[in-house]
2 protein chains.
Amino acid sequence: MQESQINMNRLLTPPPAETHHAASAGPKIDCSTCLVGRICLPASLTSTATDCQMVQRRIKIVRGDHLYQLGEPVGDRFYAVRYGSFKTYHLDPGGLQRIVGFHISGDHMALDTMGLTNHRCGAIALEDSEVCEISYDCLHARREALIPLQRHFYTMLSKEIAREQDAALLLRNTRAEQRLTAFLLGISLRYAARGYSSTSFRLHMSRQDIADFLGLTPESVSRLLFGLKSQGLLEVSGRAVTVLDAAGLQRLAGGYVSPPPADEAETRQPQLATAHAA
Amino acid sequence: MQESQINMNRLLTPPPAETHHAASAGPKIDCSTCLVGRICLPASLTSTATDCQMVQRRIKIVRGDHLYQLGEPVGDRFYAVRYGSFKTYHLDPGGLQRIVGFHISGDHMALDTMGLTNHRCGAIALEDSEVCEISYDCLHARREALIPLQRHFYTMLSKEIAREQDAALLLRNTRAEQRLTAFLLGISLRYAARGYSSTSFRLHMSRQDIADFLGLTPESVSRLLFGLKSQGLLEVSGRAVTVLDAAGLQRLAGGYVSPPPADEAETRQPQLATAHAA
DNA sequence: CGGCCAATTGAGGATCGTCAAAGTACGTGG
DNA sequence: CCACGTACTTTGACGATCCTCAATTGGCCG
């Protein structure tokens, strides 16, 4: 966590009503007087938020600095942007930084970490900014007191978000062949995790559905499958698929898997590999 | 909700241990004997799940039938696939069905509806399948008793998922120009919602970041911006943007917006259009 | 003023979509 | 059991989109 007091590049950032000039842990932070309160929180909840000290402190981040690092342990908190803007990113399988999204005032960040132990994304300030740090404690008596079932529920939600992020990552950064390969490998892995054969399975969806999911056309899917067949990587007959060379497919997929298995993909270690520019 | 007793296309679906042949609301459903229990739930939680009657009933769905419809009101429940497979879809701005994802045994569905009132996606069985219906009630004493702050928190998470889904939708189905336009309009809308000018603003991120986020190259972004400029739709100078013809941009974006504003995109009414089966 | 990074511009080419048609699987009905 | 119709899948030719590579311009900071 970084803080600072310098401020520049303030084209769109009106000076906040009253700013504490460091990570301020003042007695009580009043959400009802916050200029972005109506975006960040329903009006009916601002007084509640103030009462239970939802915002524990405000943090200033200098342009270019991290609010939180990728892989960093998650504290029991998330953030709301008070002013300024951020980008969040994660690393693709090649270890390159890839944008997940942009966040401006009123937006929330690190919501996807609720059920995780480490940050999946890093957050960098695009300009000098300030965020409100919000603790989960105000939402539950105490996080440690969460019943395991609830905890698991949160984890599921976080992974749902992670799944969508990974799907978007794949769509943004890969070519058709790589995308399809990653898709097939994903299916294979998921079946394997459930005790089915990972090398011989049936695609229950149509080519149209696969194409749609991968941002392609059915014709392309068909041609690409033929291509993989020609390379001796798999056997395809209609919807029946047999993986012949899993390692070869892995190589083609280049570390991507889509969609990730439902519950078995823990915080993955981004391993460095061949780097290719955008 | 549909149920049936016929079963076919069972290439990958071993007969579940003991199957109730309709939507069965038997006294207690035992998760510890379920074959997918280890995928769907941590082993340490299966007995807890059984005790608090987490799974209220099991539902059979015939191939091609909906588990839930798009736009349908959300009951306080979500689903786990017991066997079979599903696709989830939503409609693009043109009203066409677009795949969100595929789900096989052990996967969860409708998790993204926790904080919503209506289903954002429809779910269709790709083969004869069975799901476990799980109530939120086991996670909290009673959903109605949720404190407003918690409710809002859930809503935020759901919208986070929705945001990611929409981003993926955009990436899959649009061309570069449409994508960039949708991006700019999204920025504009978000600024407007925060009281800033929606017609004149500054892009705080680099062209590289924009390109990365949209699955393009910086060169393309640059060219496309020039194109929009040539069409008289906006004025660009470095990172400063002035929208000249918002209506024209809307037309180009074709109903897409990326990313959706943080909190103002409520449950959209899906208009029925061409439907095509699995 | 000079250096560095970001942004632009240009030329060429690979990828993948579009359109059209033929082939195949599957379920239905005779 | 076989014929038929429908929907899905494959195959082919062509073209647009967008990436790649390279060089130039512009802006910001020391």
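Convention: sequence-line order gives letters A, B, ...; per-chain numbering from 1.
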### Query
Between A:Arg172 (CZ) and D:dC19 (C1'), how many Å, whole number?
18 Å

### Query
Tell me: NE2 of A:His204 to C1' of D:dT9, nearest whole Å?
18 Å

### Query
Taking the side chain from A:Ser129 and the backbone from A:Ser85, do they hold a donor-acceptor pair closer than 3.5 Å?
yes

Do any N or O atoms of the protein come closer than 3.5 Å to N or O atoms of nucleotides 7-10 of chain C, and which pairs are they?
from: C:dA7; atom 1: OP1; to: B:Arg239; atom 2: NE; distance (Å): 3.0
from: C:dA7; atom 1: OP1; to: B:Arg239; atom 2: NH2; distance (Å): 3.2
from: C:dA7; atom 1: OP2; to: B:Arg207; atom 2: N; distance (Å): 3.0
from: C:dT8; atom 1: OP1; to: B:Arg207; atom 2: NH2; distance (Å): 3.1
from: C:dT8; atom 1: OP2; to: B:Arg207; atom 2: NE; distance (Å): 2.8
from: C:dT8; atom 1: OP2; to: B:Ser222; atom 2: OG; distance (Å): 2.7
from: C:dT8; atom 1: O5'; to: B:Ser222; atom 2: OG; distance (Å): 2.8
from: C:dG10; atom 1: N7; to: B:Arg223; atom 2: NH1; distance (Å): 2.8
from: C:dG10; atom 1: O6; to: B:Arg223; atom 2: NH2; distance (Å): 3.3

### Query
Below 4.0 angstrom from OP1 or OP2 of C:dC16, is there any side-chain N or O of A:Thr217?
no

### Query
What is the distance from CZ of B:Arg202 to P of C:dA6, rounded to the nearest Å?
14 Å

### Query
Quick one: do A:Lys87 and B:Asp209 make a salt bridge, cutoff under 4.0 Å?
yes

### Task
Using whole Å, report how far CG of A:Leu214 lies from C1' of C:dC16.
14 Å

### Query
Between B:His119 and B:Tyr68, how do the two ring planes meet: parallel, tilted or perpendicular, split at 30° and 60°?
parallel

### Query
Are the charged groups of B:Asp107 and A:Arg190 less than 4.0 angstrom apart, N to O?
yes

### Message
Between A:Asp212 and B:Arg98, does any side-chain N to carboxylate O distance fall below 4.0 Å?
### Response
yes

### Query
Is the closest basic N to carboxylate O distance between B:Asp245 and B:Arg251 below 4.0 Å?
no

### Task
Assign each of A:Gly215 and A:Ser237 to its nearest nucleotide of DNA chain C by heavy atoms, then name whichever residue's nucleotide is nearer the 5' end.
A:Gly215

### Task
In whole angstrom, give the distance that lies between atom CZ of A:Arg175 and atom C1' of D:dT17.
13 Å

### Task
Give the rounded distance in Å between these two atoms: CG of B:Leu171 and C1' of D:dT17.
16 Å

#### Entry: Interatomic distance where CZ belongs to B:Arg63 and P belongs to C:dC26 [whole Å]
9 Å

### Task
Would you mind reading off the distance between A:Glu127 atom CD and D:dC28 atom P, rounded to a whole angstrom?
15 Å

